[in-house]
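Have a look at the structure below before the remarks.
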Number of protein chains: 2
Amino acid sequence: MDSRPVSIKDVADRAGVAVGTVSNVLNHPTRVSSSTRERVQTAIDHLGFVRNDAARQLRAGQSRTIGLIVLDVGNPFFSSLARAAEDCAAENGSTVVLGDSGQDVEREARYIDVFEQQRVQGMLISPVGDVGPRVETLRKRGMPVVLVDRVDAQRRCSSVSVDDVAGGYMAVRHLLEAGRRRIVFVGAKAEFQQVADRLAGARQAVEEHDDAVLEVVEADAMTVLAGRDVGGRIAQRPPGELPDGIFCANDLLAIGVMQAVLLIRGLRIPEDLALIGYDDIDFSASAVVPLTSVRKPTELMGRTAVELLLEEIESPSSRRRQVIFDPELVERGSTTAAVHAAG
Amino acid sequence: MDSRPVSIKDVADRAGVAVGTVSNVLNHPTRVSSSTRERVQTAIDHLGFVRNDAARQLRAGQSRTIGLIVLDVGNPFFSSLARAAEDCAAENGSTVVLGDSGQDVEREARYIDVFEQQRVQGMLISPVGDVGPRVETLRKRGMPVVLVDRVDAQRRCSSVSVDDVAGGYMAVRHLLEAGRRRIVFVGAKAEFQQVADRLAGARQAVEEHDDAVLEVVEADAMTVLAGRDVGGRIAQRPPGELPDGIFCANDLLAIGVMQAVLLIRGLRIPEDLALIGYDDIDFSASAVVPLTSVRKPTELMGRTAVELLLEEIESPSSRRRQVIFDPELVERGSTTAAVHAAG
DNA sequence: ACGTGCCAATGAAACGATTCAACGGCGCAG
DNA sequence: CTGCGCCGTTGAATCGTTTCATTGGCACGT
């Protein structure tokens with residue numbers, strides 16, 4: 001019974017028209033008289049015809065698909081970026097298919113291969129390690145590529161990324177504007193570049209105030225546990241040596257610090273100590289004291305990445321652009337007494 | 001310069017062989033003499049030939065791709081399920097491409113359309129609402145489908161899912177085994193079926209102990225905030241009416257309850273009150289008191305889903321199977337005093 | 001009545017890979 | 001020397017769609 005899938009030929013036969021006409025109904029409905037169109041449509045519905053994308057693409061030479069390769073779909077940053085990219089692509093008649101490299105170079109390479117064989121319109125890649133050479137050959141073969149959350153040092157392809165220095169700056173400036181002067185920066189060596197950038201931004205902000213001081217405390221990792229550890233040590237200092245503002249290099253650290261500070265020492269947040277994190281993970285809004293944080297403009301990045309890619313697809317010779325966004329400050333109760341239990 | 005992509009014909013010309021021979025090098029290397037094989041390979045490398053999947057698939061009639069449609073890639077359950085599915089597919093020479101329906105029926109339908117047009121080998125779908133009719137037509141057209149995290153009431157297609165009744169049972173049995181007798185179940189109306197199942201399992205466990213009582217408390221939502229609310233109300237009861245074990249229908253509720261109970265009343269967890277959640281979200285391990293929880297066997301589900309699908313692809317007439325897994329209990333400090341600060 | 005234009009519809013060519021029947025050359029047995 | 005079988009290679013047919021030059025039919029103006 002399940003002999004062969006229904007082809008455009010079958011539809012044509014049943015509707016009593018030529019295959020070209022069926023194709024026109026599908027792709028250029030205006031070229032076909034309404035009576036014929038109706039007849040063809042009836043045949044399509046009746047037979048349950050589904051267009052064979054492989055054949056279409058073979059003839060057309062191009063697909064309507066964009067490949068997106070992310071480091072980790074479990075990471076909310078990437079999942080919400082993917083969502084935005086999908087929406088933007090859909091508005092332009094394309095579809096995003098997602099590949100999860102899981103930070104694994106091999107899987108990344110496999111997805112690049114698959115997408116290239118599928119002749120996707122272009123790829124958005126948040127690369128593991130150095131994809132320089134790989135991207136180079138892709139581009140040589142005419143495959144548009146946009147890097148996500150990473151800039152290409154050689155400016156060979158467009159990219160969207162975030163300015164972590166600006167993020168660090170705006171976090172600490174926020175503390176300073178709230179009147180804090182004894183600032184502690186908590187970070188770990190993991191993901192060196194980002195942490196270093198955030199620290200650099202923090203320094204920059206502190207230097208604008210003569211009476212402000214910045215102390216750097218190193219954590220073992222970028223985790224809640226490590227943060228709790230650091231928080232415990234800080235909370236046990238004599239009152240005179242306590243900071244009045246803490247900026248953590250990510251939210252997990254900040255949540256750990258918060259747990260320790262509230263429980264061990266009973267300090268009040270934000271009255272005694274203002275606390276700010278980075279990344280704005282889901283849970284930050286639900287912490288005992290909702291955590292102020294710095295977040296990447298994820299949706300904007302996703303949309304922009306797709307737009308850059310479409311731009312390059314339309315005019316392959318257009319100039320490559322490196323778009324760098326400033327992150328945004330999300331104010332919550334951990335720095336602003338007025339706001340309470342905000343979502 | 002970028003005239004046209006390199007085709008198998010170009011490779012054949014450069015290597016001085018027929019196109020059929022190039023195809024054989026790619027698909028049946030043993031049929032070709034090693035000297036020819038080498039010559040062809042050199043031509044491929046030199047020209048940067050990439051196989052056109054559309055043409056291959058058009059001729060072959062089938063792709064090596066599996067479509068996976070999930071409710072929300074941001075949800076750790078789905079991202080880790082996807083990871084497992086990808087691994088299992090890769091071991092079988094297939095590739096998984098991911099579509100995120102974002103709980104939106106329209107997007108779900110769009111991905112089903114796209115995947116069907118792409119003639120994927122089969123689809124794994126965690127459906128939004130009722131996909132019954134849709135799945136029916138897919139199957140009629142010979143497209144293998146396996147449902148994920150949902151059973152098909154009409155048994156028309158295979159599925160992998162989890163027994164939430166068993167989960168609720170094992171959670172409460174765990175509390176009972178720790179000597180707790182005054183149990184509270186906290187749930188909300190959201191996601192009715194799952195919550196109802198977990199409650200049913202809880203009741204079942206309580207009924208096995210004559211001296212145990214179960215009280216059901218309804219929360220406004222399945223969120224941390226709602227949990228904090230419920231926790232606050234419970235913590236303010238007179239000592240005689242306090243429960244000694246609380247089972248929350250998900251981890252967010254449980255974390256909210258924990259926050260309230262620890263801060264408002266200063267009760268000790270687990271000494272005064274044992275607490276158990278459901279889902280085992282990432283954050284549960286990092287709560288102030290690490291949260292005992294119940295988790296779905298995600299990796300196993302992902303692999304099994306792919307296996308069921310491949311089975312159906314190989315023998316389309318094979319019997320449909322509904323695989324239902326029991327969840328697993330993850331013991332942490334919120335119920336077991338001995339375990340402390342476990343990861 | 002005849003030519004002109006226009007619109008709808010036609011059907012064959014093309015896309016690039018795979019497949020397979022046919023072919024040629026070579027070695028070996030009779 | 002001839003015939004047979006084997007192996008490696010060939011090239012045409014094929015998949016389902018899109019595209020486009022061509023055709024057929026109809027209405028209208030002269």
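Scope of the values below: all heavy atoms of this structure, side chains included, with no hydrogens, waters or symmetry mates. Chain identifiers are assigned alphabetically (A, B, ...) following the order of the sequence lines, protein sequences preceding nucleic acid strands; residue numbering begins at 1 within each chain.
Within 6.0 Å of CZ in Arg321(A) there are 12 or fewer heavy atoms belonging to other residues, nucleotides or ligands. Within 6.0 Å of atom CZ in Arg150(B), more than 12 heavy atoms from other residues, nucleotides or ligands are found, so the atom counts as buried in its surroundings. Heavy atoms of other residues, nucleotides or ligands lying less than 6.0 angstrom from CZ of Arg155(A) number 12 at most.
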task = Would you mind building the protein contact string for nucleotides 11-17 of chain C? One character per nucleotide, 5' to 3', B for base within reach (heavy atoms under 4.0 Å), S for sugar-phosphate only, - for untouched.
result = B-BBBBB

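With hydrogens and angles left out, the side-chain atoms of Gln322(A) and Ser159(A) include a donor and acceptor closer than 3.5 Å. Counted by atom type alone, Ser318(A) and Glu312(A) present zero donor-acceptor pairs between their side chains at under 3.5 Å. Side-chain N/O atoms of Gln41(A) and Asp45(A) include a donor and acceptor closer than 3.5 Å.
At the heavy-atom level, Val17(A) lies under 4.0 Å from the strands shown only through sugar-phosphate atoms. Val32(A) comes within 4.0 angstrom of sugar-phosphate atoms only, judged by non-hydrogen atoms across all strands, and of no base.
Running 5' to 3' along DNA chain D, contacts with non-hydrogen atoms of chain A at under 4.0 Å begin and end at dG16(D) to dT19(D).
In this entry the distance linking CG of Asp13(A) with P of dT10(C) reads 11 Å, nearest Å.
The residues Asp104(A) and Arg110(A) are annotated as not salt-bridged, no charged nitrogen and carboxylate oxygen being separated by less than 4.0 angstrom.
The shortest heavy-atom contact between Val128(A) and Gln103(A) is CG1-O, 3.4 Å.
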